[in-house]
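What follows is a single structure, written as C-alpha cells, with notes after it.
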Amino acid sequence: MALDLSMPILVVDDYQTMVRIIRNLLKQLGFEEVDDASDGTAALARLKGRKYGLVISDWNMEPMTGYELLRHVRADEGLRTTPFIMVTAESKTENVIAAKKAGVNNYIVKPFNAATLKSKIEAVCGA
Amino acid sequence: MGLQRPLGATINPATMVSELIEIADYIAHVRDEIAALRANELTHDRIPMAHEELGNVLAATAGATNTIMEAAESMLALPDGPEYRAAVESGIGTIFEACAFQDITGQRIGKVVAALQQFELRLARFASAVRARDAAGQDPAEAERNERAQRLLLNGPQPNGPATAQDDIDALFA
C-alpha cells in the first residue's frame, strides 16, 4: 500500500526547532499537510478538530507529556486507531516498553535521520 | 563540641572558662568560614553571571539554528536554473558563518563551568569546616518534580547516548 501523501500529520513537540526539522523532513518525503502542537493538551484539542492520518509526538512536554497524550488517544473511541509514532530522547527500555503497552505504533530515538523517520512512517502507514 | 553534662552537676569554673573559650573559638572559626564563602560575591556576581552566560548560550544556539534552517529551507526551495549553484554556495556560506556560534558559546560555557567549580569548592570547604549535615527529607517542589518524573517515566537523555539502540527498539516492534 502506497503512502497517502495527502494525509494530515500532527507533529507534537515543545521545541519549535524540532517541529521545524520534522516538518521539513516530512515535506521532503512529500507530505504537505502538517500541523503542530506544543504539548499533549494542545494536541488533543487539535485531534478533536481534525482527522489526522498520523501523530508524531515527543515524550517530555508540559503540562501533558506525549506518553499521557498517547494514553488519551488510545482511550478515546474516536481517536484510538490514529497511528502514533513517538520521537523522543527517552531511550530507556522501560520507556519503550511502556509506550508499546500504551499502544504506540513505533518509536524513534532522538537524534534520528530522515531515513529512520521515513521507514517508520512507511511501517506504520503502509508502503 | 561535646559540652553536654547532666542538669544540676557541679561546674568547675576553670572547666567552664575553657568550654566558653572553646565555644568562642568555634564561633570565630565559623564566622571566618562564612566570610570565606564570600556568599555576597556568589549571589551578586557569579550566579547572575552564570545565568546571563547560559541565557546568551541559549540565544546564540537558537539564533544559529534559525539561521542554518532558514538557509537550508531557502536552498530547498530554489528553482532549477543558471543561478542555482551561486544561490546554493551563498546559502552554504551563511551556514558556515552561523556555525561560528560554537566558538563563542564554548567560551561562555567555560566561564559558567569555572563559576560552578568555585561555588562547589567554597561550599565543600564550608561544609567540611562546620561539619555540616544535610537536613532530612526533601524540598517539596523537588519532591513533586521527582514524583511526576517517576510517574511519567521522564528519564531524559542518557549521559552517554541512547540507553537503548534504535535497532533494539525496532526489534521490539518487528
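To find a chain, count down the sequence lines: A is the first, B the second, and so on, and within it residues start at 1.
Residue contact with chain B, scored on non-hydrogen atoms closer than 4.5 Å, involves the backbone and the side chain of A:Tyr107 alike. Interface remark: A:Arg71 contributes side-chain atoms only to the contact with chain B (heavy atom separation under 4.5 Å). Contact annotation for B:Asn66: both backbone and side-chain heavy atoms come within less than 4.5 Å of a heavy atom of chain A. When heavy atoms are compared at a cutoff of 4.5 Å, A:Lys27 does not approach chain B at all. Interface residue A:Thr116: only side-chain heavy atoms are found under 4.5 Å from chain B.
A salt bridge between A:Glu122 and A:Lys118 is present, with a side-chain N of the basic residue lying under 4.0 Å from a carboxylate O of the acidic one. Checked for salt-bridge contact, A:Lys120 and B:Asp170 meet the test: a charged N lies under 4.0 Å from a carboxylate O.
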Stepwise side-chain hydrogen bond (donor to acceptor under 3.5 Å, both in side chains) test for A:Arg20 and A:Gln16: CA-CA 6 Å; A:Arg20 201 164 161 185; A:Gln16 271 311 300; over 6 Å; no
Report the C-alpha separation of A:Gln28 and A:Asn24 in whole Å, then their side-chain angles, then the decisive distance to 0.1 Å, and conclude whether the side-chain hydrogen bond (donor to acceptor under 3.5 Å, both in side chains) test is met. CA-CA 6 Å; A:Gln28 279 191 289; A:Asn24 276 313; over 6 Å; no
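With chain A as partner, the option from B:Pro162, B:Ala62, B:Gly161, B:Ala149 having the largest number of non-hydrogen pairs under 4.5 angstrom is B:Pro162. Heavy-atom pairs under 4.5 Å with chain B peak, among A:Glu94, A:Lys100, A:Glu90, at A:Glu90.
Checked by atom type and distance alone, the side chain of A:Asp58 never pairs as donor or acceptor with a backbone atom of A:Val12 at under 3.5 Å.
Evaluation of the salt bridge (charged side-chain N to carboxylate O under 4.0 Å, His left out) rule for B:Glu70 yields no partner, not counting sequence neighbours.
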